[in-house]
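In what follows, every chain begins at residue 1, and chains take the letters A, B, ... in the order their sequences are listed.
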Amino acid sequence: MELVEESPYRFRIDRHDPMRVPGVVFASRSLLPDAGEDRSLEQVANVATLPGIVDASYAMPDVHWGYGFPIGGVAATDVARGGVVSPGGVGFDISCGVRLLAADLDRDGLRSRLDALLDGLGEATPRGMGRGAVWHLSNRAELDAVLRGGSRYAVERGFGVQRDLARCEDAGAVADADPARVSERAIERGAGQVGSLGSGNHFLEVQAVEEVYDDAVATAFGLRPGQVCVMIHCGSRGLGHQICTDHVRKMEKVMARHGIHVPDRQLACAPVSSAEGRAYLGAMAAAANYARANRQLLADAARRVFARVTGSRLDLVYDVSHNLAKIETHAVDGARRALCVHRKGATRALPPGHDELPDDLRDVGQPVLIPGSMGTGSYVLTGVPGSPAFASTCHGAGRVQSRRQAVRAERGLDPRAQLEAQDVAVRGASRRGLAEEMPAAYKDVSAVVAAAEGAGLCRRVARLVPLGVVKG
DNA sequence: ATGTTC
């Protein structure tokens, strides 16, 4: 894969047939994937062949190999010009994302109660493969209300406050969810998992604000140095996974009929305006609402534990997805166009002044939440005006080792002891699960964030460090 | 990521 260095944080893959647009990779030289180990840059070029794609197939600094699209990929297609939507451009964990809450408590004030707090959070947070959830919905009507209402429905039911919704992407629920496009099998898988963390890289962490880079923006976000926070990273569990599987299969069958040919069958797609495209978007929106309700319920459970153990309140800073496709209006060649923006392992980053921001964030931009790898720091960023890639930035550290490689690297070592030696307490999680998520399996999140800022995608606001982690 | 290979 030939890369042309355009600037210190921007590389180009020149367009060659059958690419419709070039590829653009935002990264430093040292963050670029190793072609021998990771074929994600080939995936960037493959995405550039999709019908209706505009500008470029983009990769964020945390790019790595994924299903069809790379993780850390952004691609927008022009809806009115045959643009497609591809489930692989969203990923299996639809609307996986991050929620950050800030306590009215400083880390010094928490020290003596941290163990009790983590015990309480560990007990109150359903986690792991399958099993357990805050809600178990046995009837389809109530699950449909979750799929339509997302965090709004959870708040209506008493699991949160109105102010939370102002600090959620889409005010807590994506419009145009169509539960009728969600299979019975997906419903069955999701019914018992509403309000559960899952496993893998998902977590609930107690963190502290270690460093603030912009006082005014941090203050507007509700963050100050030394403050205790809770970060929740999870998604749509088995429901989103099943929806992705179902709709990839349907699209594989009809792609030829739509005259679409792709270099990798994992890029299965259909025109946004086709029946199959609309069906996927309706089901995807339902899964997105499920993921938002999921984070709302876990946050509510964490609030109850915080109140009981510390007497402290938790205020929502923001909730944002990093696996989603959205119909958005952007300028293309000087004209406003309706685009289907796929962000897979990429976070929307609205700049100051954007009309989708709540009033109290209008002047500072959208909080962008970047979870680091387990036991390392996390970041809060904000959007910047005139950024490339349709107001998107990175989503995390980005894997450099496969799960299998990570487990092998930890053989004979004790991952829990290593974390505790770094003063990070752990609740839950299998030994294998921890081994898969050790920092050595990931890029350096600070380098990723620095490259994203250097590329003009976002700006740093604060860095958070972990005090304790609850894992699946 | 995932009832971890329908």
Side-chain angles (χ1 to χ4, degrees), chain A residues 38 40 43 62-73 86-99 126-133 136-138 143 182-194 196-204 232-250 252-253 265-266 268 283-284 286-288 290-292 294-295 298 321-325 342-347 371 373-374 395-408 428-437 441-442 471-472:
Chain A
D38 175 310
S40 58
Q43 295 186 311
D62 48 340
V63 65
H64 58 110
W65 185 88
Y67 180 91
F69 282 57
I71 295 164
S86 174
V90 171
F92 278 84
D93 193 1
I94 295 166
S95 205
C96 179
V98 182
R99 170 175 289 229
R127 52 194 151 74
M129 288 289 288
R131 65 193 148 103
H136 184 99
L137 305 180
S138 48
L143 189 51
V182 179
S183 68
E184 281 306 319
R185 194 171 186 183
I187 295 288
E188 280 167 25
R189 289 180 66 173
Q193 299 182 321
V194 192
S196 67
L197 202 54
S199 62
N201 64 358
H202 291 164
F203 64 76
L204 181 151
I232 298 169
H233 177 203
C234 65
S236 51
R237 309 287 278 106
L239 179 125
H241 195 277
Q242 189 63 46
I243 287 171
C244 183
T245 303
D246 292 341
H247 288 262
V248 163
R249 281 191 195 138
K250 282 186 198 159
E252 278 175 346
K253 286 184 190 145
R265 64 179 296 186
Q266 295 186 350
M284 180 209 71
Y290 182 100
R292 281 96 185 281
N294 197 17
R295 292 193 286 272
L298 292 174
S321 301
H322 48 233
N323 283 3
L324 205 62
H342 301 73
R343 296 186 182 90
K344 179 188 191 178
T347 316
S373 55
M374 184 176 58
H395 87 304
R399 269 196 177 274
V400 287
Q401 290 178 345
S402 68
R403 296 186 177 280
R404 184 189 295 257
Q405 286 173 320
V407 169
R408 198 178 305 140
S430 65
R431 189 197 140 76
R432 184 187 172 86
L434 288 181
E436 287 178 349
E437 295 301 323
Y442 285 86
K471 290 286 290 180

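- Residues A/S236 and A/S95 are not in side-chain contact: their nearest non-hydrogen atoms beyond the backbone lie 4.5 Å or more apart.
- For the pair A/R403 and B/dT4, the criterion of a side-chain N or O lying under 4.0 Å from OP1 or OP2 is not met.
- Here A/R185 lies in heavy-atom contact (under 4.0 Å) with a base.
- Nucleic acid contact class of A/E436 (heavy atoms, under 4.0 Å, all strands): none.
- Looking at heavy-atom distances under 4.0 Å, A/G235 makes no contact with the nucleic acid at all.
- If you measure from atom CG of A/L197 to atom P of B/dT2, you get 9 Å, rounded to the nearest angstrom.
- Atom-to-atom, NE2 of A/H241 to P of B/dT5 comes out at 9 Å; the value is rounded to the nearest Å.
- Taking A/R185 as the reference, nothing meets the salt bridge (charged side-chain N to carboxylate O under 4.0 Å, His left out) condition, with sequence neighbours excluded.
- Contacts of A/E188 classified as salt bridge (charged side-chain N to carboxylate O under 4.0 Å, His left out), with partners at least two apart in sequence or in another chain: none.
- Atom CD of A/Q242 is separated from atom C1' of B/dT5 by 14 Å (rounded to the nearest Å).
- Contact annotation for A/G200: backbone-only contact, meaning every heavy-atom pair under 4.0 Å involves sugar-phosphate atoms and none involves a base.
- Distance CZ (A/R249) to C1' (B/dT2): 13 Å, rounded to an integer number of Å.
- The distance between atom CZ of A/R127 and atom P of B/dT2, rounded to the nearest whole Å, is 14 Å.
- Between A/S199 and B/dT4 there is no side-chain polar atom (N or O) within less than 4.0 angstrom of OP1 or OP2.
- Look at A/E437 and A/R403 and you find a salt bridge, because one of the NZ, NE, NH1 or NH2 atoms lies within 4.0 Å of a carboxylate O, short of that distance.
- As rounded to whole Å, 12 Å separates atom C1' of B/dT2 from atom OH of A/Y290.
- Taking the centre of each ring, A/H233 and A/H395 stay at or above the 6.0 Å mark.
- The nearest whole Å value for the distance from the CD atom in A/E437 to the P atom in B/dT2 is 11 Å.
- Here B/dT4 presents its P atom at 5 Å from CE of A/M129, a figure rounded to the nearest Å.
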